[in-house]
Amino acid sequence: MIPLSEILTYEHDVIVVGAGGAGLRAAIECCKQGMNTGVVCKSLLGKAHTVMAEGGMAAAMGNVDARDNWKVHFRDTMRGGKFMNQWRMAELHAREAPDRVRELEEWGAVFDRTKEGLISQRNFGGHRYPRLAHVGDRTGLELIRTLQDYAIHQGMKVYMECTALDLLKDGDRITGLVGYFRETGRFVVFKANAVIFATGGAGKAWKITSNSWEYTGDGYGMAYTAGAELMDMEFTQFHPTGMVWPPSVRGILVTEGVRGDGGILLNNKGERFMFKYVPPKFAAETADTVEEGNRWLEGDKAARRPPELLTRDVVARAITAEVNAGRGSAHGGALLDIASRRPADVIRKKLPSMYHQFKELGELDITKEPMEVGPTLHYFMGGIRVDHDTQQSTVPGLFACGECSAGMHGANRLGGNSLSDLLVFGRLAGLGASEYSKSIGKKSVTDEKQVLSIIRSATDILNLDKGTNPYLVHEDLQNVMQRYVGIVRSADELQTAKNELERIKKDVALVKSDGASQYNAGWHKALDLRNLLISAEAVTKAAEMRTESRGGHTRIDFEGEREECAKYNIVVKKGEQGMEVRKVERREPPETLKKIAYAKIEDLEREGV
Amino acid sequence: MAKRQFKIWRGNKNGGEFANYQTEIEPGMVVLDAIHSIQAESAGDLAVRWNCKAGKCGSCSMEINGKPRLSCMTRMNSLPANETVTLQPLKTFPVIKDLVTDVSWNYRQKEKIQPLKPKPRDADGNYRMMQEDVDRIQEFRKCIECFLCQDVCHVLRDQDQANNFVGPRFMIYLASLEMHPLDTADRIPTIRKEFGSGLCNITRCCTEVCPEHINITDNGIIPLKERVVDRFYDPVMWVKRKFFGV
């Protein structure tokens, strides 16, 4: 084994892992705080999964409807999250999002405009007012490119195509991490006082997902292994509208913006079925006739929102129910129709990448025909448990922001709240980590034993004589999660999933890749499997413990929300005997926030900001 | 279902050769799907760069049957049915391994370009820009940085002028900054000198390969060339500059 002195080593005050929206925003903040900052990203800079975000970023700027303000946004977020959100995080998010959007504009983002020349805002599911700052349906690309172009002039060092393997610790606290460069296969040690994870979710544990190959739960796996707590892992968001045909594109996202701009959902009988699935809690604020829904689309402010714009959990379950009742489309989805609702040129202008995507990949013209859509695993509400204000995890020196952290979205995330989340909490994590790093002062010595052990587990995969095929093991895992930990869950299925995951665990331990370590796709996949498996196990065990249906977690054997289940979050932690799952009591929220969350909408409108 | 034949370049910076593969093609498959099947079945260590698989991130650029394309947006049924599909890495950039090239040169070009220098906000804390004034830069900002235009650009690919020309991608990046309603910086002298706007001879190959259908040449490069000409080759301006230093 090579001695530590011969391993490539870089030293920074703060290392950010992940260069999507959250990671870049965190890194920018670290630089602004005077930190020597490094960014480790699995892909090339600017390619992170944030580019896939389409619809927009939610911020109560009130540019399109002046009745909007942070309190209404906060209330929408809490209601959408079925009151499982961390109150303080939802508050910070709603208050700070407008400033983060304006800042992005100052850094070069070019949002679509209102007639007055302000940032335009569009309607989206669960948001009371038009609230999403957007650029057609490619808002994520605008966000990441703006941050990227700004970040490269802030003095940070970016390590591209570099994958983090595991964290290094000195006692309880973080001292850095070990990774490898894809290009060369060379290992690298990053020494740092603080590490910020902005690693995204773990959608790749499912077969039908909108997530790219990078979404392998790296942050969950590494944080868990280092002793950090994960929370709310049972809340997985199935986006109601993924492509269902042809098979090779199954799961690719179809933006909620289609419905925000007037698209409606139909079953194979041509019925607009969403009117049948309005939950009582939302009935007062949802249109109950097609006629009222149409008036809303025409801009009548007295009309209530059509049911297609209910929260994602509700719409995804409704589509599943229609398909199960035999009213699905030809390939087992629902029909999403924008063609009959908007003129062709408006569709092409507002939804250019959807037009392009269906034309190129589905051979379908969305200005003429309805799209076939169905639920696709899209987002993890749960993740690394963090402090509300500093974003520090339960392990000193480890911070998390964006999708890989928990708490902001509760049981269900509203569309558009993700991009604003990245900016708000990316910045806070940058502040928190910088503050922490300054308080630590001098960096500690790296423990050679830890480094070598991480490297050894990685190289073992290449050195085995024979073993399991990483591609097949991954496929196996995806099939298990899709089948047993899907959109509707039951105790029996979850038990089966647990058994299956134990079986797969043995296969993962024996995984082998051919070839050398330079840009070896099979080896990369093999290394991802551990983190995917930890993520999958955490979701399954948390889902088993939550005996109710709430937001992104639906139990066929425990229908509906139960009041006693609203009192706790589920936390996962590594124990002596494997994964430990427990309930953690939720704290009483501050009276002021409680009043806002349960207020009548009219009262908040009157009150203003 | 039908089996299709592939010829894929395997190797690294020291050299390589084409290897033959075959795999089953299902309806709707794109070239990248076929590569993934080949990885899983017969070439576990085959290197390919990809991310979103939806034409939005611009990672999976390669040369398919000799043409620079995104492999995630190239449908198998758009390629001649009875012919072997040939896959190679981008020619303009150095090979790392198999289908993956070193595109870091592009990242270095961007760092050399002066970033946006925004004017102050309006008194109420907002910026005001009219949609018709941002339409043209929104077109440039659709760029997914797949670098297909850089790959196909004669100045970079055949004339080896990487030290003198930034390439189409960064010409439209410069255009998006120069035409940004909030920007107050002046990049025209650098566009002429360091970034080599004069070297583009308007063959429009870049525009042809752009997967985002950005009109790179007509809407981006030509207007920049005109600005350079107005500044440096207009006799009136030349006199003004000479005597008044404007």
Side-chain angles (χ1 to χ4, degrees), chain A residues 43-49 51-52 102 105-108 110 112-113 115-120 135-136 138 140-142 145 149-150 152-153 160-161 183 212-214 245-249 252-253 352-353 356-357 360-363 469-472 475 513-516 518-523, chain B residues 12 26-30 33 36 39-41 43-59 72-73 75 96-98 100 102-104 107 110-111 115-116 118 121 125-131 133-134 137-138 141-145 173 176-177 180-183 212-213:
Chain A
S43 289
L44 296 175
L45 186 60
K47 307 295 183 196
H49 201 53
V51 298
M52 293 290 282
R102 287 193 196 100
E105 186 173 49
E106 190 169 7
W107 296 347
V110 185
D112 288 352
R113 318 306 297 179
K115 285 198 186 72
E116 297 76 35
L118 297 172
I119 294 171
S120 180
V135 187
R138 55 161 192 88
L141 174 67
E142 187 71 16
R145 194 69 76 234
D149 294 351
Y150 186 77
I152 56 173
H153 298 286
M160 294 201 281
E161 297 198 311
E183 179 176 340
S212 76
W213 69 269
E214 294 189 291
W245 189 258
S248 66
V249 298
I252 293 182
L253 188 64
S353 39
H356 188 65
Q357 182 174 310
E360 304 271 326
L361 298 174
E363 291 176 343
N469 176 337
Y471 294 94
L472 299 182
E475 205 180 306
S513 346
D514 294 318
Q518 188 203 17
Y519 226 114
N520 183 337
W523 186 47
Chain B
N12 55 29
E26 282 178 45
M29 268 171 88
V30 293
D33 290 318
H36 287 158
Q39 279 181 327
E41 293 156 10
D45 61 344
L46 171 62
V48 60
R49 187 184 272 139
W50 69 287
N51 270 46
C52 76
K53 211 170 109 48
K56 294 191 172 75
C57 76
S59 299
C72 74
M73 295 302 277
R75 302 256 308 216
I96 291 175
K97 189 183 161 210
D98 307 336
V100 177
D102 176 0
V103 291
S104 58
Y107 287 85
K110 191 182 249 184
E111 283 172 16
L116 185 83
R121 295 167 192 253
N126 287 308
Y127 283 118
R128 281 173 180 74
M129 295 184 262
M130 289 300 147
Q131 184 61 46
D133 295 330
V134 298
I137 59 169
Q138 282 188 331
R141 294 182 66 86
K142 287 195 312 195
C143 172
I144 56 174
E145 299 198 331
Y173 178 60
S176 77
L177 290 165
H180 198 301
L182 303 184
D183 185 57
E212 287 294 307
H213 308 295

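Values reported hereafter were calculated over all heavy atoms of this structure, with side chains retained and with hydrogens, waters and symmetry mates removed. First the proteins, then the strands, lettered A, B, ... as listed; each starts at 1.
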Review point. Is the side chain of A:K47 donor-acceptor paired with the backbone N or O of B:E145 at a distance under 3.5 Å, no angle test?
Key: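 Side chain of A:K47 to backbone of B:E145: a pair is present.
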I need the minimum non-hydrogen distance between [X] and [Y], along with the two atoms involved.
{"X": "B:P27", "Y": "A:P246", "answer": "O-CB, 3.8 Å"}
{"X": "B:K53", "Y": "A:S248", "answer": "NZ-O, 3.2 Å"}
{"X": "B:P118", "Y": "A:E106", "answer": "CG-O, 3.5 Å"}
{"X": "A:Y519", "Y": "B:A47", "answer": "O-CB, 3.3 Å"}

With side chains defined as the heavy atoms from C-beta onward, is the minimum distance between [X] and [Y] less than 4.5 Å?
{"X": "A:L361", "Y": "B:V30", "answer": "yes"}
{"X": "A:V135", "Y": "B:R141", "answer": "no"}
{"X": "A:L44", "Y": "B:Y107", "answer": "yes"}
{"X": "A:E214", "Y": "B:N51", "answer": "yes"}
{"X": "B:Y127", "Y": "A:R102", "answer": "no"}
{"X": "B:K56", "Y": "A:L141", "answer": "no"}
{"X": "A:R113", "Y": "B:R128", "answer": "no"}

Relative to chain A, which segment of [X] carries a heavy atom at a distance below 4.5 Å: side chain, backbone, both, or neither?
{"X": "B:D133", "value": "neither"}
{"X": "B:I144", "value": "both"}
{"X": "B:H213", "value": "side chain"}
{"X": "B:V48", "value": "backbone"}
{"X": "B:R49", "value": "both"}
{"X": "B:R75", "value": "side chain"}
{"X": "B:I137", "value": "side chain"}

Region of [X] that comes under 4.5 Å of a non-hydrogen atom in chain B:
{"X": "A:L472", "value": "neither"}
{"X": "A:R138", "value": "side chain"}
{"X": "A:S43", "value": "side chain"}

Check your understanding: Do you see a donor-acceptor pair shorter than 3.5 Å between the side chains of A:D112 and B:Q138?
Key ->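 Yes - a donor-acceptor pair under 3.5 Å links their side chains.
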Using a cut-off of under 4.5 Å for heavy-atom pairs, which of [options] has the most such pairs with chain A?
{"options": "B:H36, B:E41, B:R121, B:E212", "answer": "B:R121"}
{"options": "B:L116, B:V134, B:V100, B:L46", "answer": "B:V100"}
{"options": "B:K142, B:M29, B:E111, B:H180", "answer": "B:K142"}
{"options": "B:V103, B:I96, B:N12, B:L182", "answer": "B:I96"}

Exercise for review: Flag the one option from A:L253, A:D514, A:I152, A:V249 with the top tally of heavy-atom pairs under 4.5 Å to chain B.
Suggested key: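 Most heavy-atom pairs within the cutoff with chain B belong to A:I152.
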Review point. Do you know which of A:H49, A:E142, A:K115 has the most heavy-atom pairs under 4.5 Å to chain B?
Key: A:E142
Check your understanding: Should the ring pair B:W50 and A:W213 be called parallel, tilted or perpendicular, given that the plane angle runs from 0 to 90° and is split at 30 and 60?
Key ->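 Ring orientation of B:W50 relative to A:W213: tilted.
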To the nearest 0.5 Å, tell me how far [X] [atom1] sits from [Y] [atom2].
{"X": "A:E183", "Y": "B:S104", "atom1": "CD", "atom2": "OG", "value": "7.5 Å"}
{"X": "B:D45", "Y": "A:Q518", "atom1": "CG", "atom2": "CD", "value": "10.0 Å"}
{"X": "A:E116", "Y": "B:N126", "atom1": "CD", "atom2": "CG", "value": "11.0 Å"}

